[in-house]
Amino acid sequence: MARLDGKRALITAAGQGIGRASALAMAAEGAQVFATDINPDALAALAQDSDGRIETFAMDVLNADSVNQGVARAVPDVLFNCAGFVHAGSVLDATDEDMDFALDLNVKSMFRTIRAALPGMLERGTGSIINMSSACSSIIGAPNRFVYGTSKAAVIGLTKSVAIEYIASGVRCNAICPGTVESPSLHERLRATGDYDKAMTEFIARQPMGRIAKAEEIAALVVHLASDESAFTTGQPYIIDGGWSG
Ligand code: NAD
């Protein structure tokens, strides 16, 4: 029996990177996966790569109606809130708009999805909510990541607040805190520095293992937290950072 047999899993930002890898990993473990994103081409490619096993549809986590419709369609036992955006800059570089956007996409999006999915989970007496934070959060500070680190720290607070409220209900809520992970947006961020090679060398240098993570390595933790093998775990920020914060 696979670890996620019988579970329905809704994933945000599943078009690429960690979300995509997690969709494939959860499907391989037997879950019925509902992979969502705002990029239809990426979703179409994922559906094809899964040989039609993964159901994909557009869901914009910035829009409450879109989220409510997506949750009503998926009726999830597992909710993986993966959507997030990296703002580059210090406190003196950030505008009000930068902060509002990051808090909306990185934090308030989870408020929207959880608000929509939780009543059904409580009714069924089971559920696992997994929120994407980062090692760069309340765990450690990173230079040039003021808005990002602030928003990802808020994800840990949100996670603990949800976990404690429903601790005896069968619904769990945990956060994932990765170090730097191979993904399409990472390459964009490296290119945006103007010196891709230097930026990549710096990212690798802060990972004591001498490499960045593969998205599949993060997906393996997502599967664990989604499955009943983690049934005694809630309210935790899971650091998976190759020793960056160690
Ligand atoms: P990514 O940034 O490459 O992809 C992000 C996806 O989010 C894209 O497919 C995009 O279309 C989608 N998206 C953007 N806005 C959306 C919206 N409004 N609604 C729904 N989907 C939307 O993927 P990644 O680098 O794997 O990052 C995924 C998550 O992991 C993010 O929350 C990120 O902050 C976090 N994270 C990433 C790293 C890393 O180094 N890559 C490290 C720690 C944490």
Side-chain angles (χ1 to χ4, degrees), residues 10-25 34-46 56-71 79-88 100-113 116 130-140 142 144-145 147-156 158-159 175-192 199-200 202-204 206-207 211-219 221-222 237-242 244-245:
L10 175 64
I11 308 175
T12 72
Q16 62 185 42
I18 299 165
R20 183 185 207 275
S22 300
L24 290 166
F34 300 84
T36 69
D37 201 288
I38 51 169
N39 181 339
D41 295 340
L43 288 177
L46 173 61
T56 64
F57 56 88
M59 188 172 95
D60 180 354
V61 296
L62 296 174
N63 181 310
D65 288 341
S66 176
V67 165
N68 291 340
Q69 283 166 22
V71 168
L79 169 64
F80 178 27
N81 285 314
C82 187
F85 165 76
V86 181
H87 173 269
D100 288 346
F101 179 72
L103 289 176
D104 202 0
L105 184 52
N106 296 5
V107 187
K108 207 169 163 195
S109 62
M110 300 181 181
F111 169 46
R112 290 186 190 100
T113 56
I130 304 157
N131 297 325
M132 180 55 82
S133 178
S134 171
C136 170
S137 56
S138 53
I139 312 292
I140 50 171
N144 218 29
R145 290 287 182 269
V147 167
Y148 184 71
T150 302
S151 68
K152 292 297 190 181
V155 170
I156 295 175
L158 177 151
T159 299
I176 295 189
C177 306
T180 303
V181 184
E182 171 72 43
S183 75
S185 72
L186 172 67
H187 293 294
E188 279 168 32
R189 288 193 288 283
L190 295 174
R191 274 193 292 275
M200 179 59 107
E202 283 169 6
F203 270 116
I204 292 172
R206 72 185 190 188
Q207 301 289 154
R211 67 173 179 87
I212 59 176
K214 296 178 204 136
E216 291 72 21
E217 291 172 308
I218 313 303
L221 178 56
V222 174
Y238 266 76
I239 302 171
I240 174 164
D241 69 351
W244 182 19
S245 64

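Counting starts at 1 for both ligands and their atoms, in listed order. Just so you know, these numbers come straight off a predicted model, no measurement behind them.
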Could you find the nearest protein heavy atom to atom 9 (O) of ligand 1 and give me its residue, atom name and distance?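 Result: Asp37 OD2, 2.7 Å.
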Distance filter under 4.0 Å to Ala83 heavy atoms, resulting ligand 1 atoms: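 It comes down to these atoms of ligand 1: 32 (O).
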With a 4.5 Å cut-off on side-chain heavy atoms, are Val67 and Phe111 touching?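 Not in contact.
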Quick test: of every protein heavy atom, which one is nearest to atom 20 (C) of ligand 1, and how far off is it to 0.1 Å?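 Atom 20 (C) of ligand 1 sits closest to the protein heavy atom Met59 O, 3.4 Å.
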Residues Ser66 and Arg112: side-chain donor-acceptor under 3.5 angstrom: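 Judged by distance alone, the side chains do not pair up.
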Sub-4.0 Å heavy-atom contact, Glu182 with ligand 1: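 The answer is no, since Glu182 has no heavy atom less than 4.0 Å from ligand 1.
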Looking at atom 41 (N) of ligand 1, what's its closest protein heavy atom, distance included?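 Going atom by atom, the protein heavy atom closest to atom 41 (N) of ligand 1 ends up being Val181 O, 3.2 Å.
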Would you mind reporting whether Cys136 and Trp244 have side-chain heavy atoms less than 4.5 Å apart?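 Trp244 reaches Cys136 side chain to side chain.
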For ligand 1, indicate whether the residue Met132 contacts it via side chain, backbone, both or neither (heavy-atom separation under 4.0 Å).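 The side chain, only.
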Passing option when Met59 is tested against Asn68, Thr12, Leu43, Ile11 for side-chain contact (heavy atoms from CB on, under 4.5 Å):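 Testing Met59 for a side-chain contact (heavy atoms from CB on, under 4.5 Å) against Asn68, Thr12, Leu43, Ile11 leaves exactly one candidate, Thr12.
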Touching ligand 1 at all, Ser109? Heavy atoms, strictly under 4.0 Å?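 Contact check Ser109 vs ligand 1: negative.
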Within this structure, what is the CZ-CG distance for the pair Arg20 and Asp37, rounded to the nearest 0.5 Å?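 One finds 11.0 Å between CZ of Arg20 and CG of Asp37.
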If you define the side chain from C-beta out and look only at heavy atoms, does anything of Ser22 sit under 4.5 Å from Ile130?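 A side-chain contact is absent here, since even the closest heavy-atom pair is not under 4.5 Å.
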About how many Å separate CD1 of Ile212 and CD of Glu182, when rounded to the nearest 0.5 Å?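 The distance works out to 4.5 Å.
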Against heavy atoms of Thr180, which atoms of ligand 1 measure under 4.0 Å?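 Those qualifying, in numeric order: 40 (O).
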Minimum heavy-atom distance between Pro184 and Gly17, given as atom pair plus value: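 For Pro184 versus Gly17, the nearest heavy atoms are CD-N, 3.9 Å.
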Subset of ligand 1 atoms that lie under 4.0 Å from at least one heavy atom of Ser133: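 So the answer, numbered in order with elements, is 44 (C).
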Side chain, backbone, both or neither: Ala42 near ligand 1, heavy atoms under 4.0 Å: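 Answer for Ala42: neither.
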Value rounded to 0.5 Å, distance of CG in Asn81 from OG1 in Thr113: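 Those atoms lie 3.5 Å apart.
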Pairs of nitrogen or oxygen atoms closer than 3.5 Å, one from Gln16 and one from ligand 1: do any exist?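 For ligand 1, there is an N or O atom that lies under 3.5 Å from one belonging to Gln16.
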Which pair of non-hydrogen atoms, one from Ala14 and one from Leu46, has the smallest distance, and what is that distance?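 Nearest heavy atoms, Ala14 then Leu46: O-CD2, 3.5 Å.
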Atom 26 (O) of ligand 1: nearest protein contact (heavy atom, Å):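 Looking only at protein heavy atoms, the one closest to atom 26 (O) of ligand 1 is Ile18 N, 2.8 Å.
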Taking all non-hydrogen atoms of both residues, which atom of Leu190 and which atom of Ala199 are closest, and how far apart?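 Closest approach of Leu190 to Ala199: CD2-CB, 3.5 Å.
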Protein contact of atom 31 (C) of ligand 1 - nearest heavy atom, named by residue and atom, plus distance: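 Nearest neighbour among protein heavy atoms for atom 31 (C) of ligand 1, to 0.1 Å: Cys82 O, 3.3 Å.
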Heavy atoms only: which of Leu46, Ile38, Ile218 is nearest to atom 16 (C) of ligand 1?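 Result: the heavy atom closest to atom 16 (C) of ligand 1 is in Ile38.
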Any Gly179 heavy atom less than 4.0 Å from ligand 1: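 True for this residue.
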Please work out whether any backbone atom (N, CA, C, O) or any side-chain heavy atom from C-beta onward of Met110 is under 4.0 Å from ligand 1, and answer side chain, backbone, both or neither.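 The answer is neither; Met110 stays 4.0 Å or more away.
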Per-atom contacts, ligand 1 versus Ser185 - under 4.0 Å to a heavy atom: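 Close to Ser185: 1 (P), 2 (O), 3 (O), 25 (O).
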Which heavy atom in Ser133 sits nearest to a heavy atom in Ala175, and how many Å separate them?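 So the minimum-distance heavy-atom pair works out to CB-CB, 4.4 Å.
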What are the two closest non-hydrogen atoms of Phe85 and Tyr148, and how far apart are they?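 Closest approach of Phe85 to Tyr148: O-CD1, 3.3 Å.
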With respect to atom 44 (C) of ligand 1, which of Phe203, Phe85, Tyr148 exhibits the smallest heavy-atom separation?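 Shortest heavy-atom distance from atom 44 (C) of ligand 1: Tyr148.
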Is the closest side-chain heavy-atom distance between Lys152 and Ile139 below 4.5 Å?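 Counting from C-beta outward, Lys152 and Ile139 never come under 4.5 Å.
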Decide whether an N or O pair under 3.5 Å exists between Asp60 and ligand 1.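 Yes, Asp60 has an N/O under 3.5 Å of an N/O on ligand 1.
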Tell me the closest heavy-atom pair linking Pro178 and Val181, and the distance in Å.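 Taking Pro178 first and Val181 second, the nearest heavy atoms are CB-CG2, 3.7 Å.
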Proximal atoms of ligand 1 relative to Gly17 (non-hydrogen, under 4.0 Å):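 Answer for ligand 1: 26 (O).
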Any atom of ligand 1 sitting under 4.0 Å from a heavy atom of Thr12?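 No; Thr12 lies far enough from ligand 1 that no heavy-atom distance drops under 4.0 Å.
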Compute the minimum heavy-atom distance from Leu186 to ligand 1 and say whether it is under 4.0 Å.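 No; Leu186 lies far enough from ligand 1 that no heavy-atom distance drops under 4.0 Å.
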Which residue holds the protein heavy atom closest to atom 25 (O) of ligand 1, what is that atom called, and what is the gap in Å?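 Answer for atom 25 (O) of ligand 1: Ser183 OG, 2.7 Å.
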Protein residue, atom and distance nearest to atom 19 (N) of ligand 1, heavy-atom basis: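 For this ligand atom, the closest protein heavy atom is Val61 N, 3.1 Å.
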Contact between ligand 1 and Lys152 is defined here as a heavy atom of the residue under 4.0 Å from a ligand atom; is it met?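 Judged by the 4.0 Å heavy-atom criterion, Lys152 does count as contacting ligand 1.
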Between ligand 1 and Pro178, is the shortest N or O to N or O distance under 3.5 Å?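 In fact, backbone or side chain, Pro178 has no N or O that close.
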Please work out whether any backbone atom (N, CA, C, O) or any side-chain heavy atom from C-beta onward of Ile212 is under 4.0 Å from ligand 1, and answer side chain, backbone, both or neither.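 Contact part for Ile212 vs ligand 1: neither.
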Atom 7 (O) of ligand 1: nearest protein contact (heavy atom, Å):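 That would be Ala13 CB, 3.2 Å.
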Just how far is it from atom OG1 of Thr36 to atom CG of Asp60, taken to the nearest 0.5 Å?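 Reported value, rounded in 0.5 Å steps: 9.5 Å.
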Atom indices of ligand 1 within 4.0 angstrom of Arg189 heavy atoms, with elements: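 Ligand 1 atoms under the 4.0 Å threshold to Arg189: 39 (C), 40 (O), 41 (N).
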Run the numbers for me: atoms of ligand 1, each under 4.0 Å from some heavy atom of Leu62, listed by number.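 Atoms satisfying the 4.0 Å criterion: 18 (N).
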Atom CD of Glu188 and atom OG of Ser183: how far apart are they, to the nearest 0.5 Å?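 Between atom CD of Glu188 and atom OG of Ser183 there are 8.5 Å.
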